[in-house]
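Report on one structure; see the data block that follows.
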Amino acid sequence: MIRLSLLTRGQPLSQARCSIPTPSTRRTFTPSLLNNNIRSFSTAWTLRNASTESVADPAKPFKVAVIGSGPGGFYAAHRILKHVPQSSIDMFEALPVPHGLVRFGVAPDHPEVKNVMHTFDEVAENPNFTFIGNTSVGTYVTPGSKKADLEISDLRPHYDAILLAYGAHEDRLLGVPNEQSLKGVMAARSFVGFYNGLPEEQDLEVDLSKAETAVVIGQGNVALDVARILLTPLEELKKTDLTERMIKILEKSRVKHVHVVGRRGPLEVAFTAKELREMLQLPDTTFHMDQGLLASEMERSGKTLDRPRKRLMGLLEKGIKESKPDQPKSWSLQFLRSPLGFSGDGDNQLKAIELGINRLEGESSNRKAVATGEKETLACDLAFRSIGYKSVGIQGIPFDERKGVVPNLDGKVVDAEQNIVPGFYASGWLKRGPIGVIATTMADAYQTADTMISDFTSGKAMLNDDTSSKEGGKPLLELLKSKGHKTVSYKDWKKIEQKECELGAKVGKPREKFLTVEEMLKVLD
């Protein structure tokens with residue numbers, strides 16, 4: 001799903017061990033690794049914020065709370081600590097383990113992407129950085145949400161700024177009949193969390209023993225991740241950090257065919273060339289798609305395609321030509337199809353999807369899917385909706401429900417009237433929506449961090465009007481301790497990680513993840 005090459009090309013998965021890196025083996029993740037599709041964005045914010053040298057009074061501390069420990073939080077922390085030596089950052093994470101989507105979203109067979117955790121380790125080694133794990137901050141506005149361990153109001157008196165970087169925790173719904181009532185229909189986000197060991201998804205019912213055909217609704221990188229996990233030879237996956245629980249489920253899998261369905265055409269797919277190339281290289285697997293549609297759409301676009309899109313279409317053409325027919329497994333890209341509903345049998349088990357057939361209208365740069373009124377039925381045993389993640393608001397913070405983001409200007413949180421809310425900032429998917437790769441989030445986090453640095457060094461209003469020095473996390477840790485709440489430090493996390501590595505090494509894997517919070521905390525007893 002999230003791709004960025006950081007390891008030596010061709011490094012086998014078995015060498016991507018989960019060991020605590022030494023300074024000589026760490027790989028630094030730098031802006032030079034940004035891929036082409038975000039260079040213009042990166043250049044724009046770099047020019048606008050070219051000077052990040054600290055000009056603040058060195059005697060005046062800058063106390064920052066970061067809510068969330070994924071890339072959006074860590075890269076912002078890295079930037080602030082580098083350019084404001086007197087800064088002090090407390091990072092709050094609801095789980096005992098950090099790194100967010102890098103740990104729970106990146107595909108198990110993409111170990112090179114997870115090397116960014118080495119950079120996060122370097123950030124955590126800064127004496128002015130404190131990780132406060134197993135501690136949720138801010139109760140979600142969703143009805144019935146569990147009360148958080150701390151509220152925003154608890155943090156506010158003790159910091160100059162609060163950075164919101166807790167990501168996107170829910171998936172978007174299709175809004176069609178039976179998508180939440182039939183067995184075999186699930187969110188791709190939940191499935192990815194399940195096989196990556198996310199504790200909150202371990203109750204998901206995943207049974208591949210009776211399914212031969214699966215459908216993925218959506219044509220982004222997550223959709224291809226799901227398809228690839230279902231079709232990749234199990235011996236390859238056993239070398240990764242895929243959970244043992246998922247491996248046992250795959251051992252009984254009968255899935256042979258996966259259809260990846262999108263409402264528009266081949267020029268509008270959202271997956272990347274690297275993800276597509278991996279799918280086309282699956283052994284013993286035939287690839288199907290409408291060659292005529294691809295040819296007509298490319299002819300219609302003429303010379304308007306940019307280089308990355310031309311490369312992607314070229315891969316599709318090559319995949320069609322080189323695909324070997326009649327292989328034991330297959331996958332297909334199906335276009336111009338929108339789900340209208342799911343149907344099941346008497347046992348409430350999914351049996352088919354009804355699809356509406358579309359046509360494309362509009363200019364090449366803005367093609368829209370328009371329903372033709374025609375329908376078709378696609379038989380299947382499993383279905384994954386993969387049409388995007390969404391963030392959820394927390395109490396006391398402005399939130400745009402329609403866009404699914406915290407409203408902001410260059411990372412500064414604003415209210416419904418576009419008035420700046422002093423001292424509050426946003427980063428990552430919570431700031432811009434669930435799009436892009438890790439490199440995109442790095443650039444985005446640096447932009448927000450530069451905004452925070454500029455506000456602090458220029459004396460703009462922050463969280464509190466008074467000029468007294470803030471205490472940071474110390475009184476909050478005392479409050480949590482008085483409640484009998486157990487927090488987890490970064491040193492504690494490294495103990496948990498080391499135990500996971502040891503368990504994984506016994507079976508030839510980088511690590512064996514703990515699947516529950518209780519298992520994680522037990523390591524620290």
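Residues: numbered from 1 along the sequence shown.
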Can you spot which of Lys256, Arg254, Lys351 makes a salt bridge (Lys or Arg N to Asp or Glu O under 4.0 Å) with Glu212?
Arg254
Main-chain N/O of Ile249 paired with Ser253 side-chain donor or acceptor, under 3.5 Å
no
For the residue pair His259 and Arg337, confirm or rule out a side-chain donor-acceptor distance under 3.5 Å.
no
Using side-chain contact (heavy atoms from CB on, under 4.5 Å), reason through Phe384 and Met186 one step at a time and then give a plain yes or no.
CA-CA 5 Å; Phe384 303 86; Met186 66 190 79; 3.5 Å; yes
Rounded to the nearest 0.5 Å, what separates atom CD in Gln202 from atom CD in Glu519?
9.0 Å
Can you check whether Asp381's main-chain N or O pairs, donor with acceptor, with Gln349's side chain at less than 3.5 Å?
yes
Is there a side-chain contact between Asp171 and Arg385 (heavy atoms, below 4.5 Å)?
yes
Would you say Phe271 and Val222 make side-chain contact, with heavy atoms under 4.5 Å?
no
Parallel, tilted or perpendicular, judged at 30° and 60°: which one describes the rings of Phe120 and Tyr75?
perpendicular
Rounded distance [0.5 Å steps], NZ in Lys390 versus CZ in Arg189:
10.0 Å
CD/Glu376: more than 12 non-hydrogen atoms of other groups inside 6.0 Å
yes
Note, Arg511 side chain near Arg103 side chain (heavy atom, < 4.5 Å)
yes
Reported CD1-to-CG distance for the pair Ile397 and Leu164, which is rounded to 0.5 angstrom
5.0 Å
Within this structure, what is the OG-OH distance for the pair Ser145 and Tyr140, rounded to the nearest 0.5 Å?
8.0 Å
Is the side chain of Ser296 donor-acceptor paired with the backbone N or O of Leu293 at a distance under 3.5 Å, no angle test?
yes
Can you find a side-chain donor-acceptor pair between Thr135 and Asp149 that sits under 3.5 Å?
no
Taking Lys114 first and then Asp241, would you say they form a salt bridge - that is, a charged N and a carboxylate O separated by under 4.0 Å?
yes
All heavy atoms of Leu163 vs all of Gly72, minimum pair found to be CD2-O, 4.4 Å
Any sub-3.5 Å donor-acceptor pair from Ser427's side-chain atoms to Ala165's backbone N or O?
no
For Ile229 and Leu237: C-alpha separation, side-chain torsions, deciding distance, then whether side-chain contact (heavy atoms from CB on, under 4.5 Å) applies.
CA-CA 8 Å; Ile229 291 296; Leu237 294 176; 4.0 Å; yes
Could you check if a side-chain atom of Glu278 sits within less than 4.5 angstrom of a side-chain atom of His110, using non-hydrogen atoms only?
yes
Residues Val102 and Ile438: closest non-hydrogen pair is CG2-CD1, 3.9 Å
Would you indicate whether the side-chain heavy atoms of Asp203 and Glu201 approach each other to under 4.5 Å?
no
For Gln327 and Thr286: C-alpha separation, side-chain torsions, deciding distance, then whether side chain to side chain donor-acceptor pair (under 3.5 Å) applies.
CA-CA 6 Å; Gln327 297 297 300; Thr286 301; 5.1 Å; no
Name the residue from Glu244, Glu251, Glu512 that meets the salt bridge (Lys or Arg N to Asp or Glu O under 4.0 Å) definition with Lys238.
Glu251
Separation of Thr272 OG1 from Glu275 CD (nearest 0.5 Å):
4.5 Å
Begin from the C-alpha positions of Leu276 and Leu312 and carry the test side-chain contact (heavy atoms from CB on, under 4.5 Å) through to its verdict.
CA-CA 8 Å; Leu276 174 60; Leu312 192 61; 3.7 Å; yes
Tell me if a side-chain donor or acceptor on Asp400 pairs with a main-chain N or O of Pro407 at a distance below 3.5 Å.
no
Contact check, side chains of Thr240 and Lys509, non-hydrogen atoms, under 4.5 Å
no
Taking every non-hydrogen atom, the tightest pair across Phe104 and Gly197:
CE2-O, 3.5 Å
Pro199 versus Thr516, closest heavy-atom pair with distance
CB-CA, 4.3 Å
The reported gap from CG in Asn178 to CD in Glu354 (rounded to nearest 0.5 angstrom) is 11.0 Å
Any salt bridge linking Lys183 with Glu205? Criterion: basic side-chain nitrogen under 4.0 Å from a carboxylate oxygen.
no
If we ignore hydrogens and angles and just use 3.5 Å, is the side chain of Thr243 paired with the main-chain N or O of Met246 as donor and acceptor?
yes
Between Asp306 (side chain only) and Arg309 (backbone N and O only), is there a donor and an acceptor less than 3.5 Å apart?
yes
Check the angle between the aromatic planes of Phe191 and Tyr195 and answer parallel, tilted or perpendicular using the 30° and 60° thresholds.
perpendicular
Just so I know, are the side chains of Ser338 and Leu355 near enough to count as touching, which here means a heavy-atom distance under 4.5 Å?
no
State whether the side chain of Asn196 and the backbone N or O of Val106 hold a donor-acceptor pair below 3.5 Å, judged by distance alone.
yes
Please report the shortest heavy-atom distance between Ala445 and Pro71, naming the atom on each side.
CB-O, 4.4 Å
Can a side-chain donor-acceptor contact be found between Gln219 and Arg263 if the only test is distance below 3.5 angstrom?
no
Thr285 side-chain N/O to Pro283 backbone N/O, donor-acceptor pair under 3.5 Å
yes
Mind running side-chain contact (heavy atoms from CB on, under 4.5 Å) on Ile67 and Ile152 for me, showing each step along the way?
CA-CA 10 Å; Ile67 303 174; Ile152 293 294; 3.6 Å; yes
With ring centroids as reference points, do Tyr389 and His169 lie under 6.0 angstrom apart?
no
Looking only at heavy atoms, what is the nearest atom pair of Phe514 and Glu500, with distance?
N-OE2, 3.0 Å
Is the backbone of His288 close enough, under 3.5 Å, to the side chain of Ser332 for a donor and an acceptor to pair up by distance?
no
Find out whether Asn408 and Phe424 are in side-chain contact, i.e. whether some heavy atom of one side chain is under 4.5 Å from a heavy atom of the other.
no
Identify whether the distance between the nearest side-chain nitrogen and carboxylate oxygen of Arg367 and Glu361 falls below 4.0 Å.
no
Thr440 and Arg432: CA distance, side-chain angles, deciding distance, side chain to side chain donor-acceptor pair (under 3.5 Å) verdict:
CA-CA 10 Å; Thr440 323; Arg432 71 180 189 278; 4.8 Å; no
